[in-house]
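It should be emphasised that the depicted structure is a prediction, and the values quoted were computed from it without experimental measurement.
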Protein chains: 2
Amino acid sequence: MNPNANRPVYLKLRDQIAAAIIDGVYPEGAMLPSVRALAAEQGANPLTVAKAYQQFQNDGLVEVQRGVGMYVVRGAAERLRAAEREAFLRQEWPEIRSRMQRLGLDPAELALT
Amino acid sequence: MNPNANRPVYLKLRDQIAAAIIDGVYPEGAMLPSVRALAAEQGANPLTVAKAYQQFQNDGLVEVQRGVGMYVVRGAAERLRAAEREAFLRQEWPEIRSRMQRLGLDPAELALT
DNA sequence: ATGGCTGTATTATGGCACTGATGCACCCTA
DNA sequence: TAGGGTGCATCAGTGCCATAATACAGCCAT
């Protein structure tokens, strides 16, 4: 099946949040949705959301003001995008590429879709 | 991290075997390695290997001769390739494509690597 | 027929990741 | 100063995964 289907919730949330930061849905300096709010919206547990937020704190992409909320730091979007791009090219793309080759698919053609 | 890294062993084995069938490492009519042999080679448990083989039996891609071994049926490689291709295009490619777009990557360029 | 190879069923166990419920510490505003 | 909003720590439950030890059923060459 799709490897992304049976993925832990907190990782899916993490990807979703990362995409939102990169796309500017949560601009730099803005406050992220509270763990409870996002949990209610996504139908998940607050702790699961907190776990998804955790990595962004460790990487210094968001700043925690205890009792207040979590804020996107300056330059977070670009730093995040660079890191994701590097990780994608180094870890995922080689496998995807060889896999497509095995299946007789051409990335250049599919790109035009 | 890489979604394929923390995947269950039996699924990684399954993908590895599927690739071998498609690539003709196990040609049609040939016998697959015994569960014990592959388990020893891969450092896994025979039952884990059996679980990896399971799906191929259900899909009718391999034929079990009890007491003898498991054999790749005729047309298995092409059928497997078609199924994998369809699944890839429908389930995985859309996500990959949008993700690359977000990261500012062009599939057409990367294809030339 | 016997030994050695196949796959398979059974049961049990340990580990680990994910999820969940509760309560606490902290900060701002009214 | 009271209330409601934050994040966070602790503990517990659950289910999947992997392993293990046996035992069984079938086939084949010697």
Side-chain angles (χ1 to χ4, degrees), chain A residues 1-18 20-21 25-73 76, chain B residues 1-18 20-21 25-73 76:
Chain A
M1 292 289 277
N2 189 351
N4 297 334
N6 292 359
R7 235 166 145 219
V9 175
Y10 82 97
L11 282 183
K12 286 191 288 191
L13 287 176
R14 187 243 157 232
D15 288 348
Q16 174 180 329
I17 297 159
I21 291 179
V25 178
Y26 304 142
E28 306 182 356
M31 183 181 127
L32 292 175
S34 76
V35 290
R36 290 176 177 81
L38 189 56
E41 175 190 330
Q42 297 288 334
N45 190 283
L47 279 96
T48 304
V49 177
K51 192 169 184 179
Y53 279 159
Q54 189 69 43
Q55 184 181 343
F56 296 116
Q57 311 178 32
N58 299 341
D59 296 348
L61 295 170
V62 303
E63 191 184 32
V64 177
Q65 295 189 17
R66 194 180 176 101
V68 180
M70 306 181 48
Y71 294 83
V72 182
V73 306
Chain B
M1 293 293 274
N2 190 347
N4 297 334
N6 293 357
R7 242 167 139 214
V9 175
Y10 81 97
L11 283 182
K12 286 192 289 188
L13 286 175
R14 186 243 156 230
D15 288 348
Q16 174 180 330
I17 297 159
I21 292 179
V25 177
Y26 304 141
E28 307 182 355
M31 183 181 126
L32 292 176
S34 74
V35 289
R36 291 175 178 82
L38 189 56
E41 175 189 330
Q42 297 287 334
N45 191 284
L47 284 121
T48 304
V49 176
K51 191 170 184 179
Y53 280 159
Q54 190 67 44
Q55 183 182 343
F56 296 114
Q57 309 178 34
N58 299 340
D59 296 346
L61 294 170
V62 303
E63 192 184 32
V64 176
Q65 294 190 19
R66 193 178 178 101
V68 181
M70 306 182 47
Y71 293 83
V72 181
V73 306

Item to complete: Using a 4.5 Å cut-off on heavy atoms from C-beta on, say whether the side chain of A:D15 contacts that of A:K12.
Response: no
Item to complete: Could you tell me the separation between the CG atom of A:L38 and the C1' atom of D:dC8, rounded to a whole number of Å?
Response: 17 Å
List the atom pairs, with distances to 0.1 Å, where a side-chain N or O of residues 26-33 of chain A and a protein N or O form a donor-acceptor pair under 3.5 Å, not counting sequence neighbours.
unit_1	atom_1	unit_2	atom_2	d
A:E28	OE1	A:G75	N	3.0
A:E28	OE2	A:G75	N	3.2

Worksheet entry | Residues B:V62, B:Y53; criterion side chain to side chain contact (heavy atoms under 4.5 Å, CB included); working and verdict | CA-CA 9 Å; B:V62 303; B:Y53 280 159; over 6 Å; no
Item to complete: Measure from NZ on B:K51 to C1' on D:dA20 and round the result to the nearest Å.
Response: 15 Å
Worksheet, complete the sentence: Closest non-hydrogen atoms of A:V9 and A:A44, given as atom of the first, atom of the second and distance, are CG1-CB, 4.5 Å
Worksheet item: From the 5' end of DNA chain C to its 3' end, which nucleotides mark the outer limits of contact with chain B, defined by a 4.0 Å heavy-atom distance cut-off (strictly under)?
Response: C:dC5 to C:dT10
Worksheet item: Do the non-hydrogen side-chain atoms of B:V49 and B:Q42 ever get within less than 4.5 Å of each other?
Response: no
Worksheet item: Do the side chains of A:F56 and A:I17 get nearer than 4.5 Å, heavy atoms only?
Response: yes
Worksheet item: How does each nucleotide of nucleotides 2-7 of chain D score, in 5' to 3' order, for protein heavy atoms under 4.0 Å: base (B), sugar-phosphate only (S), or none (-)?
Response: ---BBB
Worksheet item: Rounded to the nearest 0.5 Å, how far does CD of A:Q54 lie from CG of A:D59?
Response: 10.0 Å
Practice prompt. Output the distance between atom CD1 (A:I21) and atom CD (A:Q16), rounded to the nearest 0.5 Å.
Written response: 11.5 Å
